[in-house]
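Here's the structure, in structure tokens; my notes come after.
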Amino acid sequence: MRLSQYFMPTLKETPKEAEIVSHRLMLRAGMVRQASAGIYSWLPLGYRVLRKIEQIVREEQDAAGWQELLMPTIQSADLWKQSGRYEDYGKEMLRITDRHEREMLYGPTNEELITEIFRNGAKSYRDLPQGLYHIQWKFRDEVRPRFGVMRGREFLMKDAYSFDIDYEAGRRAYQKQFVAYLRTFARMGLKAIPMEADTGPIGGDLSHEFIVLAETGESEVFCDREFLDHDVLGADVDYDDSASVEKVVDYYTNLYARTDEKHDQALFEKEVPSERRYTGRGIEVGHIFFFGTKYSEPLGAYVTTPDDDSVPVQMGSYGVGVSRLVGGIIEASHDDNGIIWPEAVAPFKVGLINLRVADADCTAACDKLYGQLSEAGIEVAYDDRDESAGAKFANMDLIGLPWQLVVGPRGLKNGVVELKQRGGNGEREELSPEAAVAKLVG
RNA sequence: CGGGGCGUAGCUCAGCCUGGUAGAGUGCCUGCUUUGGGAGCAGGAUGUCGGAGGUUCGAAUCCUCUCGCCCCGACCA
């Protein structure tokens, strides 16, 4: 993409409404614009990142055996009255009346709807287990939206649901999602630690919040430092082998990790040696829980068993805040100059800077590099605008692409271009254009 | 939902107290000069002063109402 043709309205100054760093940087980098309180438009650069995150989430859900579907944003109030949540949800639920005076709502979540879909399509234990998910916009009419996309009213969320015949099977589904979450966040370059969460009326140990460690996080967290060295991507996971899955879950649950709500200082000190005690801040990016028959009973999602009994299905639900992750990743990865994207979610892999557009040789060299990299399938943001060098550097640092390929007349005279890694220590490597391409492609 | 604050140029903000022809920086446009970390000079365009009422000869400024947005707290993917 040539930046001279790209709609990326960056800002030199920070709009005053933005307080936290991810919000400031997203506005400055031209990723989003606020449409109204807690509601954002995603501009091309931001939307690219959102889609990358969404795709990683999708791939890991698919790998864990879940099937994607798509439910609507607008739902009928009827189902919510059946589950009792039409009253319980309160003012957070955006209620709408259509032209026929029917009560509708903009879905804050989808347990009711998915349960209805399931009950209409599955009647027997033979139809189980099932795992379904979708990635859809939700709306919760927060009293006080804040932190940009980290806590908007409208947000993109992946929510998955499991349907099983009994508790043990439900537990296995839960564990698969647990592992899928670890992999999902790790692929985005995040340290996400599963922490015990309230299980509500169900009890048991089947609820975890996944917390990304970030200085600017909203909740205080306490955990064993050992977690920082855990590597789930290196683990050999076979989702069809429950022992393999359980092994990973155990590895991530046998050490202390709690948010301030659940924190027990005495227990923390007892279980974790002082040098391994980590206290910091974090952002909740995922929440999984098993809730048994909470919805299947009132909504009548029953299946027949081999003995010809009729039992309500055991369910769990598993959420990932997709749009929140965009902010969360920035909170966890930035410096004074701007964003530092992990490569897996970066809007482009390489920022190609043409330092002197007016210089024919320089521009020819840049055009060639742009062509070669693009042909090799590398996503390149090519800054071919007629701007000063300083402006280009500052802008490229701001949008945070992993690699900067800097081409100027001075270097070209010596047959070299410069390659800089955004997240690195700022050092530039001088090498021939061919070598630079080889390095970026390889 | 309690408490606080802010709405003036695309962005950051001054002007308001003490009413009298709407400003600066930055960005934008034009030209020239520059060119390796948000360049210099010269010229230029840009506003229903959030909205509605009111007071006044006269309102960005004073009064009333209203809308929007932000921050702290309580609440949340």
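Within every chain, numbering begins at 1; the chains are lettered A, B, ... in the order of the sequence lines, protein sequences first and strands thereafter. Computed over heavy atoms, backbone and side chain alike; hydrogens, waters and symmetry mates excluded.
For A:Arg410 and B:rU34, the CZ to P distance is 18 Å, given to the nearest whole Å. Atom CE in A:Met150 sits roughly 17 Å away from atom C1' in B:rC70 (whole-Å rounding). The CD-P distance, from A:Glu17 to B:rC11, rounds to 9 Å in whole Å. At whole-Å resolution of the value, CD in A:Glu284 and P in B:rA77 are 6 Å apart. For A:Asp386 and B:rC29, the CG to P distance is 11 Å, given to the nearest whole Å. Here the C1' atom of nucleotide B:rG38 and the CG atom of A:Asp383 are 12 Å apart, to the nearest Å. As rounded to whole Å, 11 Å separates atom C1' of B:rG38 from atom CG of A:Asp397. Separating the CD1 atom of A:Ile399 from the C1' atom of B:rG37 is a distance of 16 Å, rounded to the nearest angstrom.
Among the atoms of the strands shown, none is found under 4.0 Å from any heavy atom of A:Asp159. Within 4.0 Å of A:Lys91, counting heavy atoms only, lie sugar-phosphate atoms of the nucleic acid but no base atom. When heavy atoms are screened at a 4.0 angstrom cut-off, A:Gly408 is found touching base atoms of the nucleic acid. Residue A:Thr14 is in sugar-phosphate contact alone, with no base atom involved, counting any heavy-atom pair closer than 4.0 Å across all strands shown. Residue contacts for A:Ser36: at a heavy-atom cut-off of 4.0 Å it reaches the sugar-phosphate backbone alone, with no base atom in range.
Across all strands shown, the partner of B:rG2 is B:rC72, judged by Watson-Crick or G-U wobble contacts whose two distances both fall under 3.5 Å. Across all strands shown, B:rU56 remains unpaired; no Watson-Crick or G-U wobble contact has both distances below 3.5 Å. Figure legend. B:rA9 is base-paired to no nucleotide; pairs are counted as Watson-Crick or G-U wobble with both atom distances under 3.5 Å. B:rA39 is paired with B:rU33 under the criterion used here, namely a Watson-Crick or G-U wobble arrangement in which both key atom distances are under 3.5 Å.
Contact annotation: A:Arg144 reaches the phosphate of B:rC71 (side-chain N/O to OP1 or OP2, under 4.0 Å). Between A:Gln34 and B:rC70 there is a side-chain N or O to OP1 or OP2 distance below 4.0 Å.
Taking a cutoff of 4.0 Å between a charged side-chain nitrogen and a carboxylate oxygen, A:Lys158 and A:Glu54 do not qualify as a salt bridge.
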Per-nucleotide protein contact string for nucleotides 39-46 of chain B (B base, S sugar-phosphate only, - none; heavy atom under 4.0 Å): S-------
Test side chain to side chain donor-acceptor pair (under 3.5 Å) applied to A:His263 and A:Tyr256, step by step: CA-CA 10 Å; A:His263 180 58; A:Tyr256 191 97; 2.9 Å; yes
Audit row: A:Leu419, A:Lys439, side-chain contact (heavy atoms from CB on, under 4.5 Å) steps and yes/no: CA-CA 10 Å; A:Leu419 193 58; A:Lys439 181 157 183 174; 3.9 Å; yes
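Taking the six-membered ring wherever Trp is involved, the centroid distance between the rings of A:Tyr174 and A:Phe290 does not fall below 6.0 Å.
Judged by ring centres under 5.5 Å apart and planes tilted less than 30 degrees, A:Phe155 stacks against the six-membered base ring of B:rA77.
One cannot find a donor-acceptor pair under 3.5 Å joining the base of B:rG38 and the side-chain atoms of A:Arg385. For B:rC75, the base has a donor-acceptor partner in the side chain of A:Arg151 [N/O atoms by modelled type, under 3.5 angstrom]. At a cut-off of 3.5 angstrom, the base of B:rG38 holds at least one donor-acceptor pair with the side chain of A:Arg28. At a cut-off of 3.5 angstrom, the base of B:rG25 holds at least one donor-acceptor pair with the side chain of A:Glu13.
Both tests do not hold together for A:Arg140 against A:Tyr89: distance to the six-membered ring centre under 6.0 Å, angle to the ring axis within 45°.
In summary, of the residues considered (A:Ile399, A:Ile339, A:Leu398), a side chain to side chain contact (heavy atoms under 4.5 Å, CB included) with A:Arg28 occurs for A:Leu398 alone. Residue A:Glu343 forms a salt bridge (charged side-chain N to carboxylate O under 4.0 Å, His left out) with just one option from A:Lys52, A:Lys349, A:Arg422, A:Arg187, and that option is A:Lys349.
With contacts defined as side-chain heavy-atom distances shorter than 4.5 Å, the pair A:Leu405/A:Leu369 qualifies. Looking at A:Met396 and A:Asp383, their side chains come closer than 4.5 Å, going by heavy atoms from C-beta outward. Within the 4.5 Å cutoff, side-chain heavy atoms of A:Asn110 are placed close to those of A:Gln75.
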Under 3.5 Å, N/O pairs linking protein and nucleotides 4-6 of chain B:
unit_1: B:rC6; atom_1: O2'; unit_2: A:Lys16; atom_2: NZ; d: 3.3

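Using a 30° and 60° split on the angle between ring planes, A:Tyr6 and A:Phe348 fall in the perpendicular class, above 60°.
With RNA chain B read from its 5' end, the first of the two nearest nucleotides for A:His23 and A:Glu154 is the one closest to A:His23.
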